[in-house]
> 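Just dropping this structure here.
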Amino acid sequence: MRRNQSSLISDAGFLLLIVVSFISIVFTAGDPDRYMQNIIFLNVAFLIAIITYFTNVTTGLILNILFIFGFGTYTLYGTLVGGDTISSGNYFWLIMTPVFTLVTWMLTLSTRQLQAENEQLNRTNSRLATMDENTNLRNSRSFQNDAAVFMALSTRYQIPLTLLVVNVKYWDELRRMVSEERMTEAIFELSQMSQTSIRTNDSIYMLSKDNPTWGLLLFTDRQGANIVIERLRHKIQEFNSAEFSSKYKVELSLKIGALQYEPEMIPTPLDFIVQARKQLEYDV
């Protein structure tokens with residue numbers, strides 16, 4: 001209901017802008033003796049309206065106050081010094097300039113409300129989103145939620161839990177050789193490859209998109225994680241020989257770090273990620 005009301009106000013503002021512009025042009029053309037003066041005031045009214053469009057109604061009202069003060073001073077000077085008489089034309093621009101500002105505000109009301117709603121939705125979406133849009137994998141936010149549950153299960157039932165952190169070697173150099181669209185496809189295919197390398201009860205996450213980093217939560221100990229690591233290395237060799245080398249004209253290699261969960265050493269999911277990332281330094 002509120003959005004429809006804003007749209008009606010915006011439509012009314014558009015129609016009023018046409019009417020007010022027509023009245024101002026007719027008034028300006030109908031007084032040849034003050035044609036140049038009216039042209040200047042008409043341009044000032046349009047200028048204030050344009051500034052209001054790109055800023056806000058408060059700025060427009062302040063500029064109108066300054067215009068009224070300046071115009072009043074000019075009229076008073078002309079009356080006292082030049083002996084000019086105060087006619088209806090003197091009051092016309094005092095009224096029409098604020099009207100232009102008000103009509104412009106009405107015209108932009110709906111647009112500004114839509115922009116504000118769009119920004120709010122984008123902020124809410126980025127705050128609540130749990131999936132990576134390119135790979136359809138759960139992201140780091142989802143990892144922290146899930147890892148807290150898995151860590152609690154591991155502690156309670158004495159189930160071993162290991163986090164694998166995987167990223168691509170020399171990623172920055174590869175981005176300079178391959179287009180962004182191609183690299184996005186490569187990330188997706190690598191994600192699919194990683195998914196086929198784990199069991200259905202294990203989970204994979206996209207921890208970082210800038211320097212593609214995957215996290216694999218495995219219900220196994222450190223030795224069991226080595227099986228997954230070897231499986232990943234074997235699959236990347238197959239991809240390099242069959243698909244990547246011909247499709248992307250580059251060969252990809254992975255850095256893999258693994259860390260088994262220990263409640264005393266890893267109190268939070270964030271600590272789990274940080275300590276697992278450090279294991280990447282040993283994979284050269």
> Is the backbone N or O of Thr104 less than 3.5 Å from a side-chain atom of Thr108, with the two atoms forming a donor-acceptor pair by type?
yes
> Less than 4.5 Å apart, side chain to side chain, heavy atoms only: is that true for Arg138 and Asp146?
yes
> Once you measure the plane-to-plane angle for Phe92 and Phe27, does it fall in the parallel (<30°), tilted (30-60°) or perpendicular (>60°) bin?
parallel
> Taking atom CG of Leu217 and atom OH of Tyr205, what is their separation to the nearest 0.5 Å?
5.0 Å
> Would a 4.5 Å heavy-atom cut-off, applied to side chains only, mark Ile273 and Pro269 as touching?
no
> Does Ile95 share a hydrophobic cluster with Val19, counting links as ILVMFWY side-chain heavy atoms below 4.5 Å and allowing steps through other members?
yes
> Within a strict 4.5 Å, meaning less than it, do heavy atoms of the Trp214 and Ile204 side chains meet?
yes
> Before you tell me yes or no, could you show the steps for Val103 and Phe14 under side chain to side chain contact (heavy atoms under 4.5 Å, CB included), namely the whole-Å CA-CA distance, both residues' side-chain angles and the distance that decides it to 0.1 Å?
CA-CA 7 Å; Val103 169; Phe14 177 73; over 6 Å; no
> Tell me yes or no: between the side chains of Thr59 and Asn56, is some donor less than 3.5 Å from an acceptor?
yes
> Do you know the tightest heavy-atom contact between Ile266 and Met151?
O-CE, 3.6 Å
> As an exercise, state the distance from CG of Leu102 to CG of Leu107, rounded to the nearest 0.5 Å.
11.5 Å
> List the residues meeting side chain to side chain donor-acceptor pair (under 3.5 Å) with Ser253, not counting sequence neighbours, and say none if there are none.
none
> Any side-chain heavy-atom pair from Ile39 and Tyr35 closer than 4.5 angstrom?
yes
> Any chance the side chains of Ser142 and Asn145 put a donor and an acceptor closer than 3.5 Å?
no
> Give a yes or no on whether the backbone of Leu207 and the side-chain of Thr213 come within a donor-acceptor separation of less than 3.5 Å.
no
> Who pairs with Thr101 by side chain to side chain donor-acceptor pair (under 3.5 Å), at least two apart in sequence or on another chain?
Asn64
> CZ/Arg231 to NZ/Lys235 distance, rounded to the nearest 0.5 angstrom?
8.0 Å
> Would you give the length of the straight line joining atom CG of Asn167 to atom NZ of Lys255, rounded to the nearest 0.5 angstrom?
6.0 Å
> Taking C-beta and beyond as the side chain, do Arg233 and Ile256 meet within less than 4.5 Å on heavy atoms?
yes
> Applying the 4.5 Å side-chain criterion to the ILVMFWY set and letting contacts propagate, would Phe69 and Leu94 be lumped into a single cluster?
no
> How far apart are the C-alpha atoms of Trp93 and Thr28, what are their side-chain angles, what is the distance that settles it, and do they pass the side chain to side chain contact (heavy atoms under 4.5 Å, CB included) test?
CA-CA 10 Å; Trp93 295 112; Thr28 300; 3.7 Å; yes
> Where is the tightest heavy-atom contact between Ser24 and Leu42, given as atom of each residue plus distance?
CB-CD1, 3.7 Å
> Please check if atom CD in Gln37 has more than 12 non-hydrogen atoms from other residues, nucleotides or ligands closer than 6.0 Å.
yes
> Answer yes if the ring centres of Phe71 and Phe41 are under 6.0 angstrom apart, and no otherwise.
yes
> Out of curiosity, Ile68 CD1 to Thr73 OG1, how far, rounded to the nearest 0.5 Å?
11.5 Å
> Take Leu164 and Ile229 through the side chain to side chain contact (heavy atoms under 4.5 Å, CB included) test and state the conclusion after the steps.
CA-CA 8 Å; Leu164 291 188; Ile229 292 174; 3.9 Å; yes
> Holding to ring-ring contact (aromatic ring centres under 6.0 Å, His included), I want the full list of residues that pass it with Phe46, two or more places apart in sequence or in another chain.
Phe100
> Within a reach of under 6.0 Å around CG of Asp210, are more than 12 heavy atoms found that belong to other residues, nucleotides or ligands?
no
> Side-chain contact test, heavy atoms from C-beta onward, threshold under 4.5 Å: evaluate it for Phe272 versus Leu161 and give yes or no.
yes
> About how many Å separate CD of Gln237 and CG of Leu232, when rounded to the nearest 0.5 Å?
11.5 Å
> Taking side chain as C-beta onward, heavy atoms only, is Phe150 less than 4.5 Å from Ser203?
yes
> Any idea which heavy atoms bring Leu280 and Gly257 closest together, and the distance?
CD2-N, 3.3 Å
> Hydrophobic clustering (ILVMFWY, side-chain heavy atoms < 4.5 Å, transitive) - are Ile227 and Tyr261 grouped together?
no
> With hydrophobic residues grouped by side-chain heavy-atom distances under 4.5 Å, do Phe67 and Val99 end up in a single group?
yes
> According to a hydrophobic-cluster definition based on side-chain heavy atoms being under 4.5 Å apart (Ile, Leu, Val, Met, Phe, Trp, Tyr only), do Val149 and Leu259 belong together?
yes
> Taking all non-hydrogen atoms of both residues into account, name the closest pair between Ala225 and Thr220 and its distance.
N-CG2, 3.8 Å
> Give a yes-or-no answer on whether the side chains of Arg222 and Asn226 include a donor-acceptor pair shorter than 3.5 Å.
yes
> Taking all atoms of both residues into account, what is the closest heavy-atom pair of Val165 and Ala276, and its distance?
CG2-CB, 3.4 Å
> Output yes when a side-chain donor or acceptor of Ser140 lies under 3.5 Å from a complementary backbone atom of Phe143, and no otherwise.
no
> Just by distance, do the side chain of Ser154 and the backbone of Ile159 share a donor-acceptor pair under 3.5 Å?
yes
